[in-house]
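Only heavy atoms go into these numbers, but all of them, side chains included; no hydrogens, no water, no symmetry mates. Throughout, protein chains are lettered first and strands after them, A, B, ... in sequence-line order, and every chain is numbered starting at 1.
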Number of protein chains: 2
Amino acid sequence: MTSDNQSSKVYIEILKQLREMISVDKLKSGDKIPSERELSERLNVGRSSVREALRALELLGLIETRRGEGTYIKDFHGNQLIKLLSTFILQEEKAKQDVIETKHFIEMDCLRLLLQKGNFNYEDFKSWVEKDKFSDDEFFYRMIEKADNHLLLRIWVILKDFNHSLFIEKSENKKKDYHNLIRAIEANDMEKTLTAYWKLRKCRFSNDRN
Amino acid sequence: MTSDNQSSKVYIEILKQLREMISVDKLKSGDKIPSERELSERLNVGRSSVREALRALELLGLIETRRGEGTYIKDFHGNQLIKLLSTFILQEEKAKQDVIETKHFIEMDCLRLLLQKGNFNYEDFKSWVEKDKFSDDEFFYRMIEKADNHLLLRIWVILKDFNHSLFIEKSENKKKDYHNLIRAIEANDMEKTLTAYWKLRKCRFSNDRN
DNA sequence: GACCACCCGTGGTCTGACCACTTTTTTAGT
DNA sequence: ACTAAAAAAGTGGTCAGACCACGGGTGGTC
């Protein structure tokens, strides 16, 4: 490293170099980056410093490492970060309830988004519901995917995982209820959609809405 | 480390241990955590592995290390990372839009939550709006705080920081609009509340909506 | 009591050594 | 010549030990 010393830690410099490298070589998701040993040599730094940088990126979900193979750039988009923060912070009791509440909000937001965007084809979706066995999570994953907001999807996935680690319940709803939800969305009827949603979640706060 | 390995990398295990340690010892912002060498010994892992874990946490802004002194827990709300992420990642236009969109959704969700919970005293809030100069962020921070969902608040803060790293603008809205929003909430009128909200947001993103 | 040199603990970095695993190359057998 | 087994090479994962640079405490000196 070019004797830039002072203040900046080596692993930070490596991150910058890496960013530069990715930018210059136009590396994209799935592409391979140089091996730790090669980076260490090319940048004139110790391998351990390179690893510190890579491990940080890995934790951020920016790269993926496969033993024996190499290190690859990962699909960025959302941020991993939230996951970490939440696992770190959410130890309190109230937190559990917040998770559930937030997950529901996100789900409703996505429904609103779907209605707002409108004009989707739900035929394949409907036939999927008809044909296969599926979990609530799978259903909403597909649904939220359609809303086309990758960040919301990320957050939702995290909340879902959290939910699983908090509770073990995995209630199976009836196909009919899911069908109703889809139909309500198709009809672009917000009122019906949210009602159908709460029918699925069938619970505590039936009053809110409007 | 209890040779549980397989799949899980050591530095990930260290992170878990660290989280546990922080939880058990009730460590807070500013508290010091054991030295790298001590951790290495206590967990029966190499110091370099400990460092990989700590470096990742540092990049995330969760801890702060001072050479010659030690490592300290930091008040989250970190940005560090966000700066990096933004320059590193979010080049795509769609992602930026997702951030904005998601932030708006979260804000609206909190408004709904406030209405749902109802019966708050907004007098002090109103007088605060009247008296001081404040930014949009400050306003919504206080607002979302009232909604009493810590997770939503956390997510919002992250999105806010992201926003700042993406754009530099810091438009000032009129006090009147904020007053209207508060009044609508007080009146427990969802319709008016959302309208008032969009009045606030309208200025910048007038087009992408509806 | 005030000041300063020294030592020790701490993070920062590098090197070299293994291990486990995957891919590639070489080798041996048919 | 072809194929399958074996060896080699390459890669990430981890550890141990060695320095360096810096901060704070210790104890001596004035």
DNA chain D contacts made by residues 33-40 of chain B, counting heavy atoms under 4.0 Å: B:Arg37

Pair A:Lys175 + A:Glu130: basic N to acidic O under 4.0 Å: no

Separation of atom CD in A:Glu13 from atom P in C:dC14, rounded to whole Å: 12 Å

Ion pair check, A:Lys9 and A:Glu52, cut-off under 4.0 Å: no

Under 3.5 Å donor-acceptor, A:Ser49 side chain and A:Val45 backbone: no

Euclidean distance, atom CD of residue B:Glu69 to atom C1' of D:dG24 [Å, nearest integer]: 8 Å

Any B:Thr71 side-chain nitrogen or oxygen under 4.0 Å from OP1 or OP2 of C:dT10: no

Mutual orientation of the aromatic rings belonging to B:Tyr122 and B:Phe125 [parallel < 30°, tilted 30-60°, perpendicular > 60°]: parallel

Residue met sooner reading DNA chain C from 5', once A:Arg47 and A:Gly68 are mapped to nucleotides: A:Arg47

Whole-Å gap separating P (D:dT11) and CD1 (A:Ile63): 15 Å

Non-neighbouring partners of B:Glu64 that pass salt bridge (Lys or Arg N to Asp or Glu O under 4.0 Å), sequence neighbours left out: B:Arg66

Atom pair distance, as rounded to whole Å: CD in A:Glu64 and C1' in D:dG12: 13 Å

Pairing of A:Glu58 and A:Arg55 as salt bridge, 4.0 angstrom limit: yes

A:Thr65 side chain near D:dT11 phosphate (N/O to OP1/OP2, under 4.0 Å): no

Residue A:Arg51, side-chain heavy atoms: nucleotide from C:dG11, D:dT14, C:dT22 that is nearest: D:dT14

Length of the CZ-P vector between A:Arg67 and D:dG13, whole Å: 7 Å

Side chain of B:Ser49 (C-beta onward), nearest among D:dG12, D:dT14, C:dG11: D:dT14

Atom pair distance, as rounded to whole Å: CG in B:Leu43 and C1' in D:dT14: 14 Å

Separation of C:dC14 C1' from A:Tyr11 OH (nearest whole Å): 18 Å

Ring geometry between A:Trp156 and A:Tyr141 (parallel below 30°, tilted from 30 to 60°, perpendicular above 60°): tilted

B:Arg55 side chain near C:dG12 phosphate (N/O to OP1/OP2, under 4.0 Å): yes

Given D:dG13, C:dC14, C:dG12, the nucleotide with the shortest approach to the side chain of A:Val45: C:dC14

Residue A:Lys32, side-chain atoms from C-beta onward, closest of D:dT14, D:dT11, D:dC22: D:dT11

Between C1' of C:dT13 and CD of B:Glu52, the distance in whole Å: 14 Å

